[in-house]
Number of protein chains: 2
Amino acid sequence: MGRPSRKAAAAAGPVVEPTEVAGHSGGEMRAFRRSLPMALLKAREAVMARFRPLLHEHDLTEQQWRVLRALTTADGFRAGELARVSSISMPSLSRILRTLEKRGLIQRGIEDKDLRAAQISITPSGRDMIALIAPHSERRYAEITAAFGADRLATLYGLLDELADCLGGADGDGGDEE
Amino acid sequence: MGRPSRKAAAAAGPVVEPTEVAGHSGGEMRAFRRSLPMALLKAREAVMARFRPLLHEHDLTEQQWRVLRALTTADGFRAGELARVSSISMPSLSRILRTLEKRGLIQRGIEDKDLRAAQISITPSGRDMIALIAPHSERRYAEITAAFGADRLATLYGLLDELADCLGGADGDGGDEE
DNA sequence: CCGATTTATATAACATGTTAAATATTAACA
DNA sequence: TGTTAATATTTAACATGTTATATAAATCGG
């Protein structure tokens, strides 16, 4: 039941006033409220809350879904490429591939020219899974777009892309240490 | 060192062409490239890459830092409030508090009126840690602001806030399950 | 006052993120 | 050729995210 009654329980602190934090009073350390990582995190959380239940119904995590999706865009992948494309670190990907392979959703082979390179591809079972979930996922996307506005969404995409580009290019190492 | 090292090794796939994904060609399922969670994730990663090394020097994780920062904004916190303010789930927070307490950076007490509510506060050691790191953190922030532009950053903040607000209000539960 | 329901916090179990190190294979080079 | 460096992937160790459950204390209903 989604009664909006539980907010009161949180705001009714008896002894201390955390309102000072949740509200807007201090003028010295407001950087905590204006935290870019936190803002990005909260936005992501809000978005993922729309997709997680859907994936969870099919016993898939967000990352497993990203991997499967990526595998539908080409015939074979090397692990490194897959990690880059799906924004998953290699150690995580290694575990995810093990899981997905056990479930028969992906296949692994080895490249002839380079024996250390894996050749990863999706199986028919994996494609079935995609086909089963994709329409629902698309609908959630449409809902989000409708709720937020296509134009603002486009602006947001642009800014996020530029931010990652702007910071990702010059890493914190060779910068201007003083 | 400065060899025009071959990322060609990745693009010169012998059997398949992952270039189709890493590059920009496919026109059927590009929703994967236009993934909002991924865009938010990548932007967050780019930002965090600027802060992580700094925190890591003092053996702090991003989340531990968020908790410490939050604790400087009020005299006492209940665990639930702390979790909300720092955007950390209660299970994670529970573990983090255990760690920070062992390191002497925070203190835990119990409220008189409500014996199940914890009273969490930062210790002098914790404040020292904050004082040590905060200036560097502020400088990283200034760098990011300078690189991306204060105006665009403000716009981004606004959009992120609106997105979380727009989606967070109406949760995915009471929606249109069909 | 007693029992059932809520609230606050903690714990369990599993998956992922992060960092470092191990392993295996290829490339570079003396 | 043989030794070393670079590359691709995996594993290890620890911290966190996610979901479900447990524990304790407060609140409600009788």
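Each chain gets a letter, A, B and so on, in the order the sequences are listed, and its residues count up from 1. When reading the values below, keep in mind they use all heavy atoms of this one structure, side chains included, and skip hydrogens, waters and symmetry mates.
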Item to check | For Phe51(B) against Arg140(B), the heavy-atom pair lying closest together | outcome: CE2-CB, 3.6 Å

Checklist entry - Taking the side chain of Asp114(B) as heavy atoms from C-beta outward, which of dA8(D), dA25(D), dT19(C) is closest to it? => result dA25(D)

Checklist entry - Should the pair Arg98(A)-Glu101(A) be classified as a salt bridge under the 4.0 Å nitrogen-to-oxygen rule? => result no

Item to check | Arg108(B) vs dA10(C): side-chain N/O to OP1/OP2 distance below 4.0 Å | outcome: yes

Item to check | Ser89(B) side-chain N/O to dT18(D) phosphate OP1/OP2 under 4.0 Å | outcome: no

Next on the checklist: Please determine whether a side-chain nitrogen or oxygen atom of Ser94(B) lies at a distance below 4.0 Å from atom OP1 or OP2 of dA10(C).
Outcome noted: yes

Restricting both atoms to N or O, compile the protein contacts to nucleotides 13-15 of chain C shorter than 3.5 Å, with distance only.
none

Item to check | Nearest-angstrom distance from the residue atom CE of Met90(B) to P of dG17(D) | outcome: 13 Å

Next on the checklist: Expressed as a whole number of angstroms, how long is the span from Trp65(B):CH2 to dT18(C):C1'?
Outcome noted: 19 Å

Next on the checklist: Measure CZ/Arg78(B) against C1'/dA10(C) and give the value in whole Å, please.
Outcome noted: 15 Å

Item to check | Nucleotide of dT9(C), dT18(C), dA25(D) approaching Arg116(B) most closely (side-chain heavy atoms) | outcome: dA25(D)

Checklist entry - Nearest-Å distance, CD (Glu101(A)) to C1' (dT10(D))? => result 13 Å

Checklist entry - Does a side chain donor of either Ser92(B) or Arg95(B) reach within less than 3.5 Å of an acceptor in the other side chain? => result yes

Checklist outcome for this item: Checking dT9(D), dT19(C), dT7(D) against the side chain of Arg52(B) (C-beta onward), the nearest is dT19(C)

Item to check | Passing candidate, side chain to side chain contact (heavy atoms under 4.5 Å, CB included) with Pro37(B), options Met48(A), Arg66(A), Glu45(A), Arg50(A) | outcome: Met48(A)

Checklist entry - So which one's nearest nucleotide on DNA chain D is more toward 5', Leu115(B) or Ser87(B)? => result Ser87(B)

Checklist entry - Where is the tightest heavy-atom contact between Leu156(A) and Leu160(B), given as atom of each residue plus distance? => result CD1-CD2, 4.0 Å

Next on the checklist: Check whether Thr145(A) reaches the backbone of Tyr141(A) with its side chain - one donor and one acceptor, N or O, closer than 3.5 Å.
Outcome noted: yes

Checklist entry - Which atom pair, heavy atoms only, marks the closest approach of Met38(B) to Val85(A)? => result CE-O, 3.4 Å

Next on the checklist: Rounded to whole Å, how long is the line connecting atom CG of Asp59(B) with atom C1' of dT18(C)?
Outcome noted: 13 Å

Next on the checklist: Salt bridge or not between Asp114(B) and Arg78(B)? Use side-chain N to carboxylate O under 4.0 Å.
Outcome noted: yes

Checklist entry - With a 4.0 Å cut-off on heavy atoms, is Ile88(B) in touch with a base, just the backbone sugar-phosphate, or nothing at all? => result sugar-phosphate

Next on the checklist: I need the CD-P distance between Glu62(B) and dT19(C), as an integer number of Å.
Outcome noted: 11 Å

Checklist outcome for this item: Assert: residue with more 5' nearest nucleotide on DNA chain D, out of Ser92(A) and Leu93(B), is Ser92(A)

Checklist entry - In whole angstroms, how far is the P atom of dT9(D) from the CD1 atom of Ile120(A)? => result 7 Å

Checklist entry - Out of dG17(D), dT11(D), dA26(D), which nucleotide sits closest to the side chain of Arg98(A)? => result dT11(D)

Next on the checklist: By the 4.0 Å heavy-atom rule, please label Arg44(B) as base, sugar-phosphate, or nothing.
Outcome noted: nothing

Checklist outcome for this item: Rounded to whole Å, CE of Met38(B) lies from P of dG17(C) at a distance of 12 Å

